[in-house]
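Quick notes on the structure that follows.
Whatever order the structure lists them in is the order used to number ligands and atoms, beginning at 1.
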Amino acid sequence: MSSASPSLTPRVAIIGAGPAGLMAAEVLSGQGLGVDIYDAMPSPGRKLLLAGKGGLNITHSEPLESFLDRYGAHRAFLEAHIRSFDPQALRAWVHALGIETFVGTSGRVFPEGMKAAPLLRNWLHRLRSQHVKIYVRHRWQSLEASTTGWRLQLAGPEGIRQADHAAVIFAMGGASWARLGSDGAWVIPLEALGLPVAPLLPSNCGFETHWSEHFRSRFAGEALKNIAASVRTAGGTTPYRRGECLVCESGLEGSLIYALGASLRHELLEAGEAVLLLDLMPDRSLEWLREQIAAPRGARSMASHLQSRLGLKGVKAGMLREFCDTATYADPAALAQAIKALAVPLHAQRPIDEAISSAGGLRFEALDAQLMLNELPGIFCAGEMLDWDAPTGGYLLTACMATGRAAGLGAARWLRQYQTTTEIAPA
Ligand SMILES: Cc1cc2nc3c(=O)[nH]c(=O)nc-3n(C[C@H](O)[C@H](O)[C@H](O)COP(=O)(O)OP(=O)(O)OC[C@H]3O[C@@H](n4cnc5c(N)ncnc54)[C@H](O)[C@@H]3O)c2cc1C
């Protein structure tokens, strides 16, 4: 299927009013192009608003090289887009909306007040002043080539309607928190168009383990602070990362788990089980631990010996007891080793609907450098629906906005090229 040339009055349709779609709209309307945004939900930016509930982490202040590394194997596809809208530029953009930003102790960047609502409010106000039209309760269903570009089929409050547009930007999000609008239903129509989509999988979510009832009832809800962790792989282990995580009813979650999430997910898919290795005392060497544990303990239990010699107590001591067999617990050398690399078997991820984001999506091989579909000229894609993944820390929103901007610029450029070749003037 290939589209005809754009109409005399080109308008661009954007499907999805999340941060990626809104950023594309801003770029296009800023260049004087007409923009219609369609969103299935009753109001725009619902996931962005939810993200603001726990403190909207908009980007990160670390050096750009380390920042880009957070996208792992997907860095190659995102790098150019993020370099042209990097964390500095993103902060400047927030400031231009009249909202200051600050860097938290972890290097994460937040808008003043940490909420998304003021930012979204000011953003929508600016878009409307740039004549962007937002149609809520409009669910995109399918598309076909038309004489003026692309004809969209939309299910709206008044039933099915069709809308013709010169170009289209898809920004329909991933598949977590479906009740906020991004439900991954776009996979079926896009695959029907022959587009390659990597399965949508939970990312930045908890992993399940089998706690004993005793451990769960005592420690669920407690944080494991100042630890390090890595993932056992077929070839060894991934590098240890420092951080913290939370013991929950079903397993472990939190920023350290999210940071290792891609490796854990890979192991689950490949081997059916993932093994998390926890260093419960990353500031202490194995030798030091061995010496301390081997010191005479008299009539004291091992638990009180560990508490008095190492300061190991509470949830950390509970974890050790939970995952060490009796022989290991009684042997100072093996116990020291367990404290440095406690093997925690994880058997499943939490469901995608609970996840902060999803991995997988439309594969980059289907897109050109402007994020236009190779096989469907005039159709662009952006945001979390693309096949990339990143941990929490502001990397998600940065990439969504950077790709939204790139798709908007790409669509504007593409329409200009058509104007040049067909000598059509925009509206
Ligand atoms: C609890 C939580 C906290 C988070 N916190 C942070 C954070 O602090 N920092 C960070 O970087 N990221 C955070 N994220 C992730 C971030 O919010 C998302 O990555 C981001 O919103 C994705 O942007 P998007 O524009 O690609 O998609 P979305 O924001 O998901 O928007 C997609 C839009 O498309 C619409 N849509 C879908 N299908 C259709 C259709 N067929 N027709 C019409 N409309 C459709 C949906 O209704 C939705 O409005 C958080 C996510 C969650 C769930």
Side-chain angles (χ1 to χ4, degrees), residues 13-25 36-60 67 70-71 87 90 104 106 108-111 114-116 119-120 123 134-143 152-156 163 168-190 200 202-205 253 255 258 352-359 361-362 371 381-405 407-408:
I14 297 176
I15 314 297
L22 296 178
M23 188 53 89
D36 298 311
I37 305 181
Y38 300 97
D39 198 288
M41 298 302 286
S43 60
R46 292 205 163 192
K47 191 174 276 184
L48 182 64
L49 287 174
L50 178 78
K53 287 217 163 141
L56 187 71
N57 178 196
I58 192 99
T59 190
H60 203 286
F67 187 96
R70 305 290 177 167
Y71 298 95
L90 178 45
S106 58
R108 293 171 182 226
V109 177
F110 301 90
M114 299 181 86
K115 297 284 170 229
L119 186 147
L120 181 62
W123 196 2
I134 303 181
Y135 298 89
V136 293
R137 298 180 202 275
H138 276 72
R139 172 171 286 276
W140 170 73
Q141 293 188 320
S142 63
L143 120 165
L152 305 173
Q153 180 155 299
L154 300 148
V168 178
I169 296 178
F170 285 133
M172 293 180 277
S176 72
W177 286 77
R179 62 187 173 281
L180 302 176
S182 39
D183 55 9
W186 53 263
V187 171
I188 293 169
L190 260 59
L200 297 174
S203 181
N204 293 307
C205 67
E253 64 178 40
S255 55
Y258 303 160
I352 195 164
D353 208 42
E354 285 179 19
I356 287 178
S357 60
S358 52
L362 182 73
L371 300 181
C381 295
E384 201 183 309
M385 69 179 286
L386 298 179
D387 180 18
W388 57 271
D389 186 22
T392 54
Y395 309 103
L396 298 165
L397 283 173
T398 304
C400 288
M401 299 220 210
T403 54
R405 181 173 173 273

Inset, instruction - Classify the contact between H138 and ligand 1 as side chain, backbone, both or neither, using a heavy-atom distance cut-off of under 4.0 Å. - result: backbone
Legend entry - Any L48 side-chain heavy atom under 4.5 Å of L397 side chain: yes
Legend entry - atom 15 (C) of ligand 1 [closest protein heavy-atom partner, distance rounded to 0.1 Å]: L396 CD1, 3.8 Å
Inset, instruction - Would you confirm whether N57, through its side chain, and V109, through its main-chain N or O, come within 3.5 Å as a donor-acceptor pair? - result: yes
Legend entry - Which residue and heavy atom of the protein sit nearest atom 41 (N) of ligand 1, plus the separation: W140 O, 3.2 Å
Inset, instruction - Starting from atom 6 (C) of ligand 1, find the nearest protein heavy-atom neighbour and note its residue, name and distance. - result: A51 CB, 3.6 Å
Legend entry - Test of proximity, E384 against ligand 1: N or O pairs below 3.5 Å: yes
Inset, instruction - Mind checking whether A171 contacts ligand 1 via backbone (N, CA, C, O), side chain (CB onward), both or neither, at a 4.0 Å heavy-atom cut-off? - result: backbone
Legend entry - Closest approach of any protein heavy atom to atom 34 (O) of ligand 1, naming residue and atom: G16 CA, 3.3 Å
Inset, instruction - Please list, chain by chain and in numerical order, all residues satisfying salt bridge (Lys or Arg N to Asp or Glu O under 4.0 Å) with R179, sequence neighbours excluded. - result: D353
Inset, instruction - Could you say whether the N/O atoms of P19 and ligand 1 ever approach to under 3.5 Å? - result: yes
Legend entry - Shortest protein contact, atom 11 (O) of ligand 1 (heavy atom only): L397 N, 2.8 Å
Inset, instruction - Return the set of residues passing side-chain contact (heavy atoms from CB on, under 4.5 Å) with S176 (not counting sequence neighbours), or none when no residue passes. - result: K47, A355
Legend entry - Heavy atom of the protein closest to atom 1 (C) of ligand 1 (residue, atom name, distance): L50 CD2, 3.3 Å
Inset, instruction - Just do the side chain to side chain contact (heavy atoms under 4.5 Å, CB included) check on E384 and S203 with the steps written out, would you? - result: CA-CA 11 Å; E384 201 183 309; S203 181; over 6 Å; no
Inset, instruction - Specify side chain, backbone, both or neither for N57, according to which of its non-hydrogen atoms lie closer than 4.0 Å to ligand 1. - result: both
Legend entry - Contact summary for L152 and A13, nearest pair of heavy atoms: CD1-CB, 3.4 Å
Legend entry - Closest protein heavy atom (residue, atom, distance) for atom 30 (O) of ligand 1: S182 OG, 3.0 Å
Legend entry - Numbered atoms and elements of ligand 1 in range of G383, under 4.0 angstrom, heavy atoms: 26 (O)
Legend entry - Which residue and heavy atom of the protein sit nearest atom 52 (C) of ligand 1, plus the separation: I356 O, 3.7 Å
Inset, instruction - Mark yes or no for whether Y38, through its side chain, and G156, through its backbone, hold a donor-acceptor pair below 3.5 Å. - result: no
Legend entry - Interfacing atoms of ligand 1 (cut-off 4.0 Å, heavy-atom, R139): 41 (N), 42 (N), 43 (C)
Legend entry - Any A185 heavy atom less than 4.0 Å from ligand 1: no
Inset, instruction - Could you establish whether M41 and ligand 1 come within less than 4.0 Å of each other, counting only heavy atoms on the residue side? - result: yes
Inset, instruction - Report yes if some N/O of A40 lies less than 3.5 Å from some N/O of ligand 1; otherwise report no. - result: yes
Legend entry - Any donor-acceptor pair under 3.5 Å from W388 side chain to G383 backbone: yes
Inset, instruction - From the options G173, G181, A116, select the one whose nearest heavy atom is closest to atom 36 (N) of ligand 1. - result: G181
Legend entry - Atoms of ligand 1 close to G55 [distance to a heavy atom under 4.0 angstrom, numbered from 1]: 8 (O)
Inset, instruction - Run the contact test for A382 against ligand 1 with a 4.0 Å cut-off on heavy atoms, strictly below, and give the result. - result: no
Legend entry - Heteroatom proximity flag, D39 to ligand 1, N/O under 3.5 Å: yes
Legend entry - T398 side chain vs I58 backbone, donor-acceptor pair below 3.5 Å: yes
Inset, instruction - Spell out, as yes or no, whether a donor-acceptor pair under 3.5 Å connects the side chain of W123 to the backbone of M23. - result: no
Legend entry - Within-shell test, G54 vs ligand 1, heavy atom, strictly < 4.0 Å: no
Inset, instruction - Taking the side chain as every heavy atom from C-beta outward, state whether D39 and I134 have any atom pair closer than 4.5 Å. - result: no
Legend entry - Whether S358 side chain and L200 backbone form a donor-acceptor pair below 3.5 Å: no
Inset, instruction - Indicate yes or no: at least one non-hydrogen side-chain atom of S142 is less than 4.5 angstrom from one of P189. - result: no
Inset, instruction - Run the numbers for me: atoms of ligand 1, each under 4.0 Å from some heavy atom of A20, listed by number. - result: 25 (O), 26 (O)
Legend entry - Between N204 and T392: side-chain donor-acceptor atoms closer than 3.5 Å: no
Inset, instruction - Dump the intermediate steps for side chain to side chain contact (heavy atoms under 4.5 Å, CB included) on L22 and L120, then the final yes or no. - result: CA-CA 10 Å; L22 296 178; L120 181 62; 3.8 Å; yes
Legend entry - Close approach of S357 to ligand 1, heavy atoms, under 4.0 angstrom: no
Inset, instruction - Just do the side chain to side chain contact (heavy atoms under 4.5 Å, CB included) check on M385 and L190 with the steps written out, would you? - result: CA-CA 11 Å; M385 69 179 286; L190 260 59; 3.8 Å; yes
Inset, instruction - Give yes if a backbone or side-chain nitrogen or oxygen of G174 is under 3.5 Å from a nitrogen or oxygen of ligand 1, and no if not. - result: no
Legend entry - Q141 near ligand 1 by a heavy-atom separation under 4.0 Å: no
Legend entry - Any W177 heavy atom less than 4.0 Å to ligand 1: yes
